[in-house]
Colleague: 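Provided herewith is a single structure, encoded as structure tokens, for subsequent inquiry.
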Amino acid sequence: MCGRTSCHLPKEVLARACAYRDRQGHQRLPEWRDPDRYCPSYNKSPRSSSPVLLSRLHLEKDADPSERIIATMRWGLVPFWFREEDPAKLQINTSNCRSDTIMEKRSFKVPLVKGRRCVVLADGFYEWQRRQASNHRQPYFIYFPQIGTEQSEQVGAVSSPEDWEKVWDNWRPLTMAGIFDCWEPPAGGDCLYSYSIITVDSCRVMSDIHNRMPAILDGEEAVSKWLDFGEVSAQEALKLIGPTENIAFHPVSSVVNSSWNNTPECLFPLHLLAGKELKVSASSQKMLQWLATKSPKKEEPKTPQKAESDAPQWSSQFLQKSPVTPKRGSASLLERWLKRGQEEEPVAKRPHMQ
């Protein structure tokens with residue numbers, strides 16, 4: 001699935017990163033539609049607005065279908081049949097739509113058949129890895145490998161915040177397959193454009209984090225065909241999407257758990273924030289020290305060493321395997337209770353899935 005993204009690049013930088021060639025072979029930049037509505041953010045969640053690429057023909061009759069525009073749309077598709085005045089009252093979750101059932105759901109099938117395909121733009125997206133036998137979830141930032149930076153295969157392993165800022169100079173945005181619709185309020189008014197991100201089974205290198213991922217369009221040819229609803233049918237377009245192994249990721253701080261937090265720390269590699277992590281109070285720290293000295297230590301059982309993963313080092317080195325769960329005891333319970341305030345879990349209602 002995909003429930004949180006980052007898209008903080010300035011609109012001019014984002015447009016340059018989406019340069020393309022039209023049918024005449026001319027190099028073009030997509031034109032912004034209502035650029036003032038674009039709100040850059042390090043932490044976008046459903047019901048917020050995000051930039052999407054689409055064919056100009058959707059908004060202008062007789063336009064060249066190969067010409068592209070960037071428009072800001074609401075994340076979470078509001079279907080055409082919805083009759084309430086407030087889109088927030090929609091009782092189904094339409095932020096994502098599964099590729100394997102997209103033709104079975106009227107909310108998604110109708111826009112797809114009408115050719116309302118778009119490409120959702122983002123720096124990358126966030127996903128949480130649930131650790132076995134634990135309530136702790138480790139957030140990761142997931143993105144395209146950046147070929148425009150030195151040692152791009154280890155972007156997440158940069159050594160300083162200053163070096164991390166440099167990686168954005170030629171950032172390649174993530175391009176995710178989406179569908180959109182135009183909802184007209186029952187009482188009249190401006191149409192609301194909204195979208196849903198198509199999801200697929202996770203690729204091999206990401207399967208340890210989550211079993212679903214966005215349908216990523218990797219390369220100009222895939223993006224072009226997905227947007228060309230006149231020449232490429234819905235059935236042919238669906239053949240373009242599937243899991244891609246061409247991704248990179250690194251662990252990030254739990255500050256991203258709350259969608260209210262919109263700071264660069266949301267996507268900083270975790271090791272760059274090591275000195276900024278919240279510390280427990282002085283009284284709690286003394287108690288933890290006492291527990292460390294008074295609690296009996298048990299020798300950890302030896303486990304056979306597993307073969308090294310064949311996943312790329314720039315991603316597999318960041319995966320955190322779930323440790324063996326220790327036996328419950330009064331000391332460990334109290335220690336976890338004292339530390340519980342340091343880690344905030346992402347809390348979100350899970351409405352009925354469409």
Side-chain angles (χ1 to χ4, degrees), residues 1-8 39-52 72-79 87-88 90-102 105 107-108 118-131 135-144 173-181 194-203 206-217 241 243-244 247-263 265-268 270 343-354:
M1 62 180 294
C2 178
R4 207 75 67 80
T5 65
S6 169
C7 191
H8 83 285
C39 298
S41 174
Y42 294 96
N43 197 353
K44 286 185 175 290
S45 58
R47 297 188 181 182
S48 65
S49 296
S50 298
V52 302
T72 302
M73 295 187 184
R74 178 189 188 271
W75 185 4
L77 188 145
V78 180
L90 185 66
Q91 295 298 308
I92 55 176
N93 186 348
T94 58
S95 57
N96 294 162
C97 60
R98 293 177 62 101
S99 61
D100 52 347
T101 60
I102 192 171
K105 308 289 185 178
S107 302
F108 304 139
C118 63
V119 175
V120 183
L121 302 173
D123 311 324
F125 70 98
Y126 301 100
E127 195 54 83
W128 281 258
Q129 178 193 43
R130 181 183 292 277
R131 307 191 65 184
N135 289 327
H136 175 69
R137 293 183 179 182
Q138 173 60 54
Y140 285 83
F141 181 55
I142 304 162
Y143 46 93
F144 271 139
L174 202 62
T175 45
M176 299 174 284
I179 55 174
F180 71 93
D181 208 347
S194 57
Y195 71 88
S196 178
I197 296 175
I198 300 175
T199 64
V200 296
D201 291 334
S202 283
C203 62
M206 191 183 151
S207 59
D208 282 338
I209 299 177
H210 201 277
N211 64 343
R212 302 289 294 177
M213 68 182 295
I216 297 173
L217 299 166
I241 61 178
T244 177
I247 59 169
F249 49 82
H250 59 258
V252 294
S253 167
S254 59
V255 69
V256 74
N257 290 356
S258 172
S259 59
W260 291 99
N261 295 329
N262 178 20
T263 63
E265 286 74 20
C266 287
L267 44 70
F268 264 32
L270 189 59
E343 297 179 348
E344 176 190 1
E345 291 295 323
V347 178
K349 293 183 179 179
R350 294 183 176 271
H352 174 69
M353 296 295 292
Q354 172 66 14

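We use all heavy atoms of the structure for the numbers below, so side chains are in, but hydrogens, waters and symmetry mates are not.
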Colleague: Quick one: pull up CD1 in Ile102 and OG in Ser196 and give me the separation to the nearest 0.5 Å.
Modeller: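 Those atoms lie 7.5 Å apart.
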Colleague: Begin with the C-alpha distance, continue with both residues' side-chain angles, and end with the deciding distance and a verdict on side chain to side chain contact (heavy atoms under 4.5 Å, CB included) for Val52 and Phe180.
Modeller: CA-CA 10 Å; Val52 302; Phe180 71 93; over 6 Å; no
Colleague: Given Val119 and Met176, is the side chain to side chain contact (heavy atoms under 4.5 Å, CB included) satisfied, shown in steps?
Modeller: CA-CA 5 Å; Val119 175; Met176 299 174 284; 6.0 Å; no
Colleague: Using the rule given for side chain to side chain contact (heavy atoms under 4.5 Å, CB included), can you reason through Lys105 versus Arg98, listing the C-alpha separation, both sets of side-chain angles and the distance that settles it, and then say yes or no?
Modeller: CA-CA 10 Å; Lys105 308 289 185 178; Arg98 293 177 62 101; over 6 Å; no
Colleague: Got His210 and Gln129 here, is their nearest side-chain heavy-atom distance under 4.5 Å?
Modeller: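 A side-chain contact under 4.5 Å is absent here.
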Colleague: Which heavy atom of Leu174 sits nearest to which heavy atom of Ile216, and what is that distance?
Modeller: CD1-CD1, 4.0 Å
Colleague: Evaluate the side-chain proximity of Leu217 to Ile241: yes if any heavy-atom separation is below 4.5 Å, no if none is.
Modeller: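 The answer is yes, as the side chains (C-beta and beyond) meet within the 4.5 Å cut-off.
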Colleague: Using a 4.5 Å cut-off on heavy atoms from C-beta on, say whether the side chain of Pro139 contacts that of Asn257.
Modeller: yes
Colleague: Of all heavy-atom pairs between Ile198 and Ser99, which one has the smallest distance, and what is that distance?
Modeller: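 Where Ile198 meets Ser99 most closely, the heavy atoms are CG2-CB, 3.9 Å.
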Colleague: Looking at every heavy atom in both Arg4 and Trp75, which two are closest together, and how far apart are they?
Modeller: N-CH2, 3.6 Å
Colleague: In terms of the angle between their ring planes, are Phe249 and Tyr140 parallel, tilted or perpendicular, with boundaries placed at 30° and 60°?
Modeller: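 Perpendicular, since the angle between the ring planes exceeds 60°.
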Colleague: If we ignore angles and hydrogens, is there a donor and acceptor under 3.5 Å between the side chains of Ser95 and Asn93?
Modeller: yes
Colleague: Atom CE of Met206 and atom CG of Asn211: how far apart are they, to the nearest 0.5 Å?
Modeller: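 These two atoms lie 9.0 Å from each other.
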Colleague: Between the side chains of Tyr143 and Ser6, does any donor sit under 3.5 Å from an acceptor?
Modeller: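 Short answer, no.
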Colleague: If you take all heavy atoms of Cys2 and Asn96, which pair is closest and at what distance?
Modeller: N-OD1, 2.8 Å
Colleague: Phe144: what forms a ring pair (Phe, Tyr, Trp, His ring centres under 6.0 Å) with it, not counting sequence neighbours?
Modeller: none
Colleague: Quick one: are Ile197 and Phe125 in side-chain contact, heavy atoms under 4.5 Å?
Modeller: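 The answer is no, as the side chains (C-beta and beyond) never meet within the 4.5 Å cut-off.
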Colleague: Would you say the side chain of Phe268 lies within less than 4.5 Å of the side chain of Thr263, judging by non-hydrogen atoms?
Modeller: no
Colleague: One pair to check against side chain to side chain contact (heavy atoms under 4.5 Å, CB included): Thr101 and Phe108. What are the steps and the verdict?
Modeller: CA-CA 9 Å; Thr101 60; Phe108 304 139; over 6 Å; no
Colleague: If I take atom CG from residue Asn262 and atom OH from residue Tyr42, how far apart are they, to the nearest 0.5 angstrom?
Modeller: 7.5 Å
Colleague: Output yes when a side-chain donor or acceptor of Asn261 lies under 3.5 Å from a complementary backbone atom of Asn43, and no otherwise.
Modeller: no
Colleague: Roughly how far apart are Thr94 OG1 and Asp181 CG, rounded to 0.5 Å?
Modeller: 10.0 Å
Colleague: To the nearest 0.5 Å, what is the distance between SG (Cys118) and CE (Met73)?
Modeller: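 Rounded to the nearest 0.5 Å, the SG-CE separation comes to 5.5 Å.
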Colleague: Are Val200 and Pro243 side-chain neighbours, meaning at least one heavy-atom pair lies under 4.5 Å?
Modeller: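 Sidechains of Pro243 and Val200: in contact.
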Colleague: How long is the gap from OG1 on Thr199 to CE on Met213, to the nearest 0.5 Å?
Modeller: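 Between atom OG1 of Thr199 and atom CE of Met213 there are 10.0 Å.
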Colleague: Do side-chain atoms of Lys44 reach the backbone of Cys39 as a donor and acceptor pair under 3.5 angstrom?
Modeller: yes
Colleague: Could you tell me whether the side chain of Leu270 reaches within less than 4.5 Å of the side chain of His250, counting heavy atoms only?
Modeller: no
Colleague: Write down the atom of Leu77, the atom of Ser194, and the distance for their closest heavy-atom approach.
Modeller: CA-OG, 3.4 Å
Colleague: Got Gln138 and Pro251 here, is their nearest side-chain heavy-atom distance under 4.5 Å?
Modeller: yes
